[in-house]
Q: 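Here it is, the structure, as structure tokens.
Residue numbers start from 1 in every chain, and the chains themselves are labelled A, B, ... in the order their sequence lines are given, proteins ahead of strands.
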There are 2 protein chains.
Amino acid sequence: MGDDGADMSDVLKLDNQLCFALHAASRAMTGAYQPLLEALGVTYPQYLVLLTLWEEDGARVSRIGERLHLDSATLTPLLKRLEAHGLVERRRSTVDERVVEIFLTAKGRRLERKASEVAKDIFCKTQLSLGELGRLREELKELTRKLQAVAA
Amino acid sequence: MGDDGADMSDVLKLDNQLCFALHAASRAMTGAYQPLLEALGVTYPQYLVLLTLWEEDGARVSRIGERLHLDSATLTPLLKRLEAHGLVERRRSTVDERVVEIFLTAKGRRLERKASEVAKDIFCKTQLSLGELGRLREELKELTRKLQAVAA
DNA sequence: CGCAACTAAATCGTGCACGATTTAGTTGCT
DNA sequence: AGCAACTAAATCGTGCACGATTTAGTTGCG
């Protein structure tokens, strides 16, 4: 039979693509957060940075990048915008002047409470149980690990 | 006990966030495709557009946008780049001159075969069974639908 | 000390995403 | 015919993502 003639008809169908389902879901998630975050005056990627700071205030740029898988080309301007909005302070480390440490301002710290309401709103919107959410989340983390593994 | 004092400690932890797991997985997927697509001379979003055209050659801009959830602000420049690379042709419809229809060139059509190899490579990298992949994909589609639903 | 190797962040350039507006073309209604 | 309502794509502005390079600062070693 058609050796791999059958492939074309399925392998590349948009509806069968995990990659597109992932891409679409990620953008839908961002889109769901966006109007809620607007009230806090931050964008979605800025919110992710704040999540790391609420856990680990004073982290250096590279540490934030490690947690979010982002590099300084993305973070530096983003952090400058957060600083311009008065949510964080960027301080050059005195022990190693190459390092920039990021500290929440009082205003930045105050957002945490509102942010937890936002996170809960989104959780409701997903209509997932805690168990389902947890399972999906861990599957995605596992997928991320697999995709980041260097080519064999 | 602390009314919602326990919330803070969990609800906003980065590791517990579905949104971040999704964001990270999506970027990891793009990152996995990117070096393979480089050989075809296209970016990942351009590849998604080509997927729709291999299924539906001659689609208008709005139709591509409907399938990929993208608007003309994103698609117009992307399609111009695809045209500049000789992969598609943009033609104003004669029956309705507001409409721009996108046609694959011979070069664009030829990429389909190579693209299916790329898709298979990525599938291998995920180390998912066809069943697991299908289930995850459908869960993501369902999540996308939920997140896109207008606020109740 | 002096200098190469290294490291952290910043900068540069390109492309994508998206809200908002604009431009051009079509349709329907009187 | 004439014009308002509508529609499709393009355009504009801002922000994110990321490869590649640059700048500044540190460390180790002869």
Q: Do you know which of K114(B), R113(B), K120(B) makes salt bridge (charged side-chain N to carboxylate O under 4.0 Å, His left out) with E117(B)?
A: K120(B)

Q: State, with a plain yes or no, whether a side-chain heavy atom of R60(B) is found less than 4.5 Å away from one of V100(B).
A: no

Q: Any residue in residues 28-55 of chain A with a heavy atom nearer than 4.0 angstrom to DNA chain C? Just list them by number, or reply none.
A: none

Q: In B/S/- notation, 5' to 3', how is nucleotides 2-8 of chain C contacted by protein heavy atoms closer than 4.0 Å?
A: -----BS

Q: Between P on dA9(D) and CD on E66(B), what's the gap in Å once rounded to a whole number?
A: 11 Å

Q: Can you tell whether the side chains of E55(A) and R67(A) come within less than 4.0 Å, N to carboxylate O?
A: yes

Q: Tell me, do Q127(A) and E132(A) make a side-chain contact under 4.5 Å, heavy atoms counted?
A: no

Q: Is the shortest distance from a Lys or Arg side-chain nitrogen in E142(A) or R145(A) to a carboxylate oxygen in the other one below 4.0 Å?
A: yes

Q: Please classify the nucleic acid contact of L75(B) as base, sugar-phosphate, or nothing, using heavy-atom distances under 4.0 Å.
A: nothing

Q: Rounding to an integer number of Å, can you tell me how far L78(B) CG sits from dT11(D) P?
A: 14 Å

Q: Starting the side chain at C-beta, find the nucleotide from dT11(C), dG19(C), dA17(D) nearest to H23(B).
A: dA17(D)

Q: Decide yes or no for R137(A) and Q17(B): does some side-chain heavy atom of the first lie under 4.5 Å from some side-chain heavy atom of the second?
A: no

Q: Out of curiosity, L14(A) CG to I64(B) CD1, how far, rounded to the nearest 0.5 Å?
A: 11.0 Å

Q: When the distance from CG of D71(B) to P of dC12(D) is rounded to whole Å, what number comes out?
A: 15 Å

Q: May I have the distance from L70(B) (atom CG) to dT11(D) (atom P), rounded to whole angstrom?
A: 18 Å

Q: Considering heavy-atom distances to DNA chain D, does T94(A) or H69(A) have its closest nucleotide positioned more toward the 5' end?
A: H69(A)

Q: Report the distance from atom CZ of R91(B) to atom C1' of dA9(D), rounded to the nearest whole Å.
A: 17 Å

Q: Is there, by distance only and without an angle test, a donor paired with an acceptor across the side chain of T76(B) and the base of dA9(D) below 3.5 Å?
A: no

Q: Check Y33(B) against A119(B) and note the closest heavy-atom contact, atom names and distance.
A: OH-CA, 4.1 Å

Q: Which nucleotide in the list dT26(C), dC18(C), dC18(D) gets nearest to the side chain of E97(B)?
A: dT26(C)

Q: Name all stems that contain residues of DNA chain D, defined as runs of 3 or more consecutive Watson-Crick or G-U wobble pairs, both distances under 3.5 Å.
A: C:1-30 with D:1-30

Q: NZ of K80(B) versus C1' of dC12(D): gap in Å, rounded?
A: 13 Å

Q: Would you call the rings of Y44(B) and H23(A) parallel, tilted or perpendicular, where under 30° means parallel and over 60° means perpendicular?
A: perpendicular

Q: Starting at atom CD1 of I64(B), determine the distance to atom P of dA17(C), rounded to an integer number of angstrom.
A: 13 Å

Q: Do R90(B) and E83(B) meet the salt-bridge criterion of a basic N to acidic O distance under 4.0 Å?
A: yes

Q: I want to confirm an ordering. Mapping R92(B) and T74(A) to their closest nucleotides on DNA chain D, which one lands closer to the 5' end?
A: R92(B)

Q: Find out whether N16(B) and V11(B) are in side-chain contact, i.e. whether some heavy atom of one side chain is under 4.5 Å from a heavy atom of the other.
A: no

Q: Could you check whether the rings of Y47(B) and W54(B) sit parallel, tilted or perpendicular, using 30° and 60° as the cut-offs?
A: perpendicular

Q: Under 4.0 Å, heavy atoms only, any strand: does R63(B) hit a base, just the sugar-phosphate, or nothing?
A: nothing

